[in-house]
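In what follows, a single structure is set out as C-alpha cells and then discussed.
Here is how names work: the chains are called A, B, and so on, in the same order as the sequence lines, proteins then strands, and each is numbered from 1.
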Amino acid sequence: MTQVMTHEERTALRDSVRRLLADRCAEADVRRLMDTDTGHDAALWRALADLGVAGMLVGEAHGGSGLGPVELELVMEEIGAALSSAPMISTAIAAKLLDGDRARALAAGELIVAVAPLGAWDWTGQSAVRISNGRAQGVARFTPDGQIADLALLAGEDGVYAVERAAFTATPLPVFDRTRRLADLHIDGPVERICDGSRVAGALAVGLVALAGDQAGGARRVLDFTVEYARERRQFGRAIGSFQAIKHMAADLLLEAESATSAARHAAAQLAGDGADREVALALAGFACADAYVRCAKDGVQMHGGIAFTWEHPAHLYLRRARSGAQLFGDSRHWRERFIQALEARS
Amino acid sequence: MTQVMTHEERTALRDSVRRLLADRCAEADVRRLMDTDTGHDAALWRALADLGVAGMLVGEAHGGSGLGPVELELVMEEIGAALSSAPMISTAIAAKLLDGDRARALAAGELIVAVAPLGAWDWTGQSAVRISNGRAQGVARFTPDGQIADLALLAGEDGVYAVERAAFTATPLPVFDRTRRLADLHIDGPVERICDGSRVAGALAVGLVALAGDQAGGARRVLDFTVEYARERRQFGRAIGSFQAIKHMAADLLLEAESATSAARHAAAQLAGDGADREVALALAGFACADAYVRCAKDGVQMHGGIAFTWEHPAHLYLRRARSGAQLFGDSRHWRERFIQALEARS
Amino acid sequence: MTDEELKAEVTAWLAANWRGAPPRTERFGRDPRAEWLAKVRDAGWAAPRWPAQWYGRGLSDAQARIVENCFAEAGAPGTGQDRSNLWANTALAHASETFKPQIVPKLLAGEVGMCLLYSEPGAGSDLAAIRTRADRVEGGWRVTGQKVWTSGAHIADYGMLIARTDWSAPKHKGISFFFMPMRQKGVDVRPLRQITDESHFNEVFIDDAFIPEENLLGNLGGGWGVLQTALAYERSVMGDAARGARSGAKEAHGDAALLELAREAGKLSDPVVRQDVAQVIAWRMLNSLNTRRAKAELGQGTSSSIMSLGKLAMSRILHEEGRVRTELLGPESLLQGPDHPRAEDANFLSLNAYFTSIGGGTDQIQRNIIGERVLDLPREPEVDRDVAFSTVIAGR
Amino acid sequence: MTDEELKAEVTAWLAANWRGAPPRTERFGRDPRAEWLAKVRDAGWAAPRWPAQWYGRGLSDAQARIVENCFAEAGAPGTGQDRSNLWANTALAHASETFKPQIVPKLLAGEVGMCLLYSEPGAGSDLAAIRTRADRVEGGWRVTGQKVWTSGAHIADYGMLIARTDWSAPKHKGISFFFMPMRQKGVDVRPLRQITDESHFNEVFIDDAFIPEENLLGNLGGGWGVLQTALAYERSVMGDAARGARSGAKEAHGDAALLELAREAGKLSDPVVRQDVAQVIAWRMLNSLNTRRAKAELGQGTSSSIMSLGKLAMSRILHEEGRVRTELLGPESLLQGPDHPRAEDANFLSLNAYFTSIGGGTDQIQRNIIGERVLDLPREPEVDRDVAFSTVIAGR
C-alpha cells in the first residue's frame, strides 16, 4: 500500500533532507568524497536512513515509510542539487524488488544493494551474465554503487536473482563524474531467485524517476548559483547579469530547468498513479531531464567565465554529474526513440 | 577550353551584373514579377545575355564566353542577392549539355531551356518519364523555369534527350517562393538524344554551384540590410544594434553568411579545377549554403521585429527564396549524407 | 453555500436555460452569442468571483471553478470571464465611476467590439516611446497618431488606447489609458498585409478623434501602470495557446498531427525524423506540463516563475515544428495554396511562428522580462528612462 | 634580388647549416632550439620582412614567403617570426630604444621565456578594469597586484604586464604596458588547477616587484593601445588553431579522426550519427575555408571581415565535437584515465572546449567585437568609460 503525503508533509520531508544535506553534504564534503576510494559517506547514509529516506519506498510492514515515486522524486531533487553520492537510486530500485529481512535492512540503511539490469534492460549493452542451476557467472558493467554493495541484484526478464557479497567482485571504474561511482561486477557463484521478472520494469521505472529528480534538482541548483553570480559579478561597471548575453541565457536555462522539473514530477505522478500516459511520461523524463541538466551545466560554466574553468569552482562538478546522468539507464537518443514508440502505441 | 579570368576581370563582371540588377531588378521589379504568370522578365534576360551572362558557360566557338564555375558562382551571388528570377541555373546546366546552334541560341538568350534530372539524379523523387524508340512519355516534376522553357532536356544516366516545346506541356506550380518558378512537365512526344549520360554529373554539379552562389549571395544581402536596420532603428533611446541580443545574432549570422560564401566559392573552384576534393566540396556547398541562407533569412525577420511581419517588407521574400533553395536539387539531409559518403570514399 | 448546493444551483439553471448558441468565430468584434451571454451575466455566472454589485457572486476561486466545471460539462460558454475577459477585467479595475456601469455589462455580454491600440511604427518593443498624442479639450481629449498591429479594429466599437498626455514627463510617466470610441470621423482603419498573405491586423490612423472625459482609465499620466496589468494578463493567456496551424481542431491534437504527417509522408521509420518529431512533441508536452504545474502551484499559494515562460517556449516549438514539417514534406513544401494543404500548413506555420516570437513582445524582450522579473537580474541602464520625453525626441 | 636568387641563397644556407634540432615541446619558456634559432637570426632569416637593422632583410611579403617555403621544405624552424612571434613583434613595435636592442635578439632566438600578465580576478572580460598598480620609484616602477590565466609564468624570464599607473584617468587611459622581470622576489607564481584537472596556467601574485625604467613599452598611460595590437595578434592566431584533442597529430586530422571514431564505435551506419558527424566535420572545414579565403583576400588588398570569426567558429566546433564524441561512445564516456583513451578524449574535449569559448575573450565578448568592429554596430553605452578609475571603484 503506497502512502500518499499531503503537500505540507512533502514539503516538510523535502526541507528535512535539504537541511541535512546543507549541513553534511556541502561542497567541501562532496570534494572530500570525490577523493576517497568508494565515494561513500556511511555516516551521512545512516543519517538519511534515520530520516526515513533510505526506506521511503519500503513498505511499512518492513520498517519503511511506504511512500511512492512522487516523494522519491522530491527527495532526489535535493540529492541531485547537493551532488550527493548517497546510493539512493540503487536503494529505490532495490526497494521495489526486495521483501522480508532484506527489505528491512535496506530501509535501516544497513544493506547497500547494487542493481544490474540484464538482457533487454541492460542499458550498457555490455553486460553478460549467465544464470543457470542456481549459479551465475559473468560481468555486469557500469553498476551504480557496486563498489560498496553488500548484495547485488541481477534483474532480467526471467527473474530477479540476489547475489551475496561473496559471489561477486566489484571493480570500481575510473569515472569521470566522481560523485556517482560505478563498478563492474564480476560474478561467479550461487544466486537466489527472489522474484519473477514482472517486477523489474516497475522497479527500473522508479530508478528512472529517481535519476530524473536528481537531474532536475541539479539543473535548478546550477542555474541558481549561476544567476546569483551574474547578479554579483561586475564587469564594465555593471553586474554581468544586466547584459543581455547573460540575461537571455539565464532565461533560456530557466525554461530548461523548469521543464526538467515538470518532466520529472509528471513521470513520478504517472508512475504513482499508474496513469495511462505512464510510458510516454517516463520516456519524456528519460531525455528531457538529461538534456536540460547538460545544457544548464554547460551554459552555467560559460556564463561564469574564467572562474568556472578552475577545478576549485563547483560548476564543473555539475557538468560532470550531468554528463554521467545523461548516460545512465540509456542516453537521450534512446529515450527519444522510446518516447515516440510510446506515442505510436497510444495513437 | 575554359577561360580563366583575372581577379580584376571577375570583379568587373560582378560589378556589371550588380549594376544591371540594381537598376532593373529592384525590390519593386521583383514584386511585380511575383504577380505575373510566368515570373519572367524577358527584357532583363536579354540584357543579361547582352552582358554575356546567359552564355558565360557556353564555349567561345558557340558565341559564349567559355567561362567556368568560378565566374558563374560570382554572378549567382548577385542574382541571389537581388532575388532575380532570371533562368540562370537552368541555363548554366544546359550550357554543359548543349552544342551547336542550340548552344548559340542559349548564349544569345534566345533559347530558354529547362533541365529535368531523371533516375538517380531525380531529386524530387516524383518524376517518371519513360524513354524508348525516340519517344518520351511521363512527367518531370518541379522543373525550374519549365513554365517559360522553349526546350526541355531530360538528363538521365543513360543519356540526355532534348524535347521540343511541342512535345511537352508545362503546368506552372503554385510555388511558395514566387521568385523561383517551377513547373511539372508533362511529356508525350519525340525526343532527340543529344549526348550520353557521362556529361550529366558535371552539368548538374554546375547547377549545384550556381544554386550555392545564389544562396550565399542571398544570405549576405539579407544580413546586410538587417544589420543596416539594426544600426538605424532606435528603441529605448538606442539603436537596437547596440543591444547584445541583436548584435550577437548579427555576429553569428556573419559567420553563417561568410561560411556560405566560402563553401560556394570552394565548390566552384574545385569543380573548375577538377580538384581531388570535388565531391566533398560539392556536397558541403549542397547543405552549408542552404542552411546558412535559411538561418540568415529566419533570424533576419526576427531581428527586424514587427515590420518584417508585413508583406511589404522584403525580409520574407528572402526567407521564401531560402526555403525553396533548401529543397532544390536535394535537401540538406541528403547532401550531408552525400558529404559523409564522399569523406568515407576519401579516407 | 456549500459546494453541493452551488453545483445544484448551476446545474439547474443550465438545465432551465441552456439550449445551445452559435459558436464564436473571431476573437474580436461583437460576439454572436450576445443574447446568451447577457443571460449568463444577469444570472451572476459570467464573473462569479466578482462582487454582486458587478454582476458577480463574490465566490472563492474554488467555488468559481465549480461553476466553470458545470458550464464546461454542459458545453455552455460565458462563465469564468473574471479570469478570461481582458476588456472587462481592465474596465472593472480602472474605469471611472461614470463609465464603468455603462461598459462593464456590455463587455460581459460581448455586446461591444474591442481592439487594442498600443504599438506604433516607432514604438514596438519600446512601447513607452509612443508618440500618439491626446490633448485636453472641453469635455475630453483630442487624439492624433498612428497605431499598428491592431486586431479587429475594423469591427470594434472601442479601442483600448495608450496616448501621451504629458510631453514634459519621462517616457513612462506621461502616458494615459483610454477607451476610445472607434466609430467616428478621425479614426481610419486599414488592413495590414502579413507575411503569410493574410490580413488579421490593421493600421489605425487617428486624426483629431474625440474621447469623452469619462473614458479615461486610471489616472491621467498613469496609463503605463494600467497597461502593465493588461499586458501581464495577455501574456499569461498567450503562452497557453498554441498558435500553429489554421484549424482549431488541428491545434488541439498538435502531437498526433505531427506524428501522423510523418506517417503519411512515409518517413516515420526514418531514425533522424523520429528524433526530430519526438523532440518537437516533447517540447509541446513540456510546455503543457509547465503550465499545468504553474497553475497548481498558484493554487497552492506558492509563487510560480513558470507562467511567463510559456510564450518563449511556444515560440521555439512553432519555429521548430515548421522546420520539421518542411523536412517531412521535402519538395512538396515548395508549394502552397488550397490544393496542397500539407505544404500550406508547413509554410504557414514557418512564417506564422513569428506571430508568437515577435508579436506581443519579441522573444528578446520576453527574455529580458524573465531575466529581470523572474530571476531578479538587474536591468540594463536605460539612457532615456528619466528624461522628459520631449527632450528624448528632440535629441534624435 | 630575384625570387630565384633568393631561393637559391636560402636553399644553400640551409644545406650548409641545417642538421636538425630538438623539437619544441612547450609554447612558453626558453626554447630548446635556441642555438639553431640564433643562427637563423644572425643569418637574417628569422624575420625577413624586418629591416636589416633588426636582423631582417627588408623583404616583401611575397619574397618572405619564399624563405618560409624553403624552411618548410627542409623541415627547419625559425623563420617567419615577423608573422608569428608575439613577443618579438610587440617589442619591436613598442619597446624603448634602450631596451629594444637588449631584448629583440633574445626573443628571436627563443633565449628568454615569456608570459602574459593581463587578466585579473576582477578583470576578465573587462580587462581595462585591472587594479594591479605600478607606482613610480627611482629608476623604474614598483608593482603590486594579482594576475591570473598566465601560461608558463613559472619558467618565464619576463612577463608582458599591464598595470595601472594613473588612477585619476578613465579606466582605459591610466594603464601602462611593461616587460616585467619574473625572476625576482615579489613575484610568486602558483599553478592554477583547471577543470580538466591539468595545470597549464598560473596565478601570479606580485608584491612590490621592481621594473626598470626602460622596460616600459609605448607611452606611460598608453598601455591599452599596446595591448590592443598584441591581443588582435593573438586572436588571429587563435582562430586558426584547432584546440581539441591532446595530441598534435590528432588535431591535424580532426575530420578523419571523428569519422574513424564513429567507425570504431560501430555507429557509422547510423543515420543520426552520420548527420551529426557530417555537421561537425563540415563546420571544421568551413572554418578552414573561411581562414584561407580571408588570407587570400588580405593578399589581394580587399579588407576581410572573416579573420575575427575563427575563434567563435572554433568554439562551436569544439563543444559540438565533444557532444558527438560522447554520443558515439555511449556508456564508455562515463570513464576517464589512461586506460580509456577514447573516453578521456571525449571528456577532455567537452571540458577543454571552454578554453576556446572563454579564454582570450568569451564568445560573448567575441560577438561584441564582431558586431562592433566588423559589422559596425553601435557600442553599448558604457557607464564607467569616461570616469576617473578611482571614482569607479569608490562607487562599488
Side-chain angles (χ1 to χ4, degrees), chain A residues 7-8 11 223-224 226-228 230-232 234 236-244 246-267 269 277 280-281 283-289 291-292 332-333 335-344 346-347, chain C residues 253 255-260 262-263 268-269 271 273-283 285-294 296-297 299-302 304-313 315-316 363-381:
Chain A
H7 178 68
E8 288 66 30
T11 307
L223 172 61
D224 283 347
T226 300
V227 166
E228 195 178 317
R231 282 190 212 113
E232 303 299 326
R234 296 176 71 87
F236 305 103
R238 297 159 53 178
I240 61 169
S242 71
F243 288 101
Q244 289 185 335
I246 299 297
K247 187 180 291 174
H248 290 194
M249 282 170 96
D252 286 336
L253 295 189
L254 180 64
L255 175 58
E256 296 296 323
E258 291 291 1
S259 298
T261 304
S262 293
R265 294 187 186 173
H266 177 61
D277 274 346
V280 171
L284 178 64
F287 65 94
C289 300
D291 292 351
S332 292
R333 168 86 186 277
W335 286 109
R336 264 193 295 273
E337 176 58 34
R338 288 283 294 266
F339 176 69
I340 200 167
Q341 283 170 13
L343 291 174
E344 288 176 282
R346 195 176 70 170
S347 75
Chain C
H253 305 287
D255 307 352
L258 190 58
L259 205 65
E260 194 45 45
R263 190 177 282 127
L268 195 48
S269 60
V273 165
R274 290 175 74 80
Q275 294 283 312
D276 285 353
V277 167
Q279 189 60 64
V280 173
I281 297 178
W283 279 336
M285 220 173 259
L286 291 169
N287 193 34
S288 303
L289 292 175
N290 282 343
T291 306
R292 199 196 301 172
R293 187 158 65 86
E297 289 184 4
Q300 286 162 0
T302 319
S304 177
S305 65
I306 311 169
M307 221 59 173
S308 52
L309 293 170
K311 182 167 171 294
L312 190 61
S315 159
R316 176 168 73 170
D363 284 356
Q364 286 68 40
I365 293 291
Q366 196 63 16
R367 290 191 184 98
N368 269 354
I369 291 171
I370 294 167
E372 290 162 17
R373 298 194 198 159
V374 183
L375 294 174
D376 200 25
L377 288 166
R379 303 173 70 95
E380 288 200 89

Taking C:Q279's backbone N and O only, do any of them form a donor-acceptor pair with A:R336's side chain (distance below 3.5 Å, no angle check)? no

Donor-acceptor contact below 3.5 Å, side chain A:R238 vs main chain C:P378: no

For residues [X] and [Y], report the shortest heavy-atom separation together with the two atoms involved.
| X | Y | result |
| --- | --- | --- |
| A:A263 | C:L289 | CA-CD1, 4.4 Å |
| A:L284 | C:A282 | CD1-CB, 3.5 Å |
| C:L286 | A:S259 | CD2-O, 3.6 Å |
| C:L375 | A:A251 | CD1-N, 4.1 Å |
| C:N290 | A:E258 | OD1-O, 3.2 Å |

Between [X] and chain C, which part of the residue has a heavy atom less than 4.5 Å away: side chain, backbone, both or neither?
| X | value |
| --- | --- |
| A:R333 | both |
| A:L255 | both |
| A:E228 | neither |
| A:E232 | neither |
| A:H266 | side chain |
| A:D224 | neither |

Worked verdict on C:E380 versus A:Q244 for side chain to side chain contact (heavy atoms under 4.5 Å, CB included): CA-CA 8 Å; C:E380 288 200 89; A:Q244 289 185 335; 3.4 Å; yes

Region of C:D376 that comes under 4.5 Å of a non-hydrogen atom in chain A: both

[X] side, atom [atom1]; [Y] side, atom [atom2] - distance, nearest 0.5 Å:
| X | Y | atom1 | atom2 | result |
| --- | --- | --- | --- | --- |
| C:M285 | A:S262 | CE | OG | 13.0 Å |
| C:R274 | A:E344 | CZ | CD | 4.0 Å |
| C:L258 | A:I340 | CG | CD1 | 8.0 Å |
| C:I370 | A:L253 | CD1 | CG | 11.5 Å |

Check against side chain to side chain contact (heavy atoms under 4.5 Å, CB included), C:L312 and A:D252: CA-CA 8 Å; C:L312 190 61; A:D252 286 336; 3.7 Å; yes

Dump the intermediate steps for side chain to side chain contact (heavy atoms under 4.5 Å, CB included) on C:L259 and A:R346, then the final yes or no. CA-CA 11 Å; C:L259 205 65; A:R346 195 176 70 170; over 6 Å; no

Working note: C:R367 + A:K247, criterion side chain to side chain contact (heavy atoms under 4.5 Å, CB included); need CA distance, chi angles, decisive distance, verdict. CA-CA 7 Å; C:R367 290 191 184 98; A:K247 187 180 291 174; over 6 Å; no

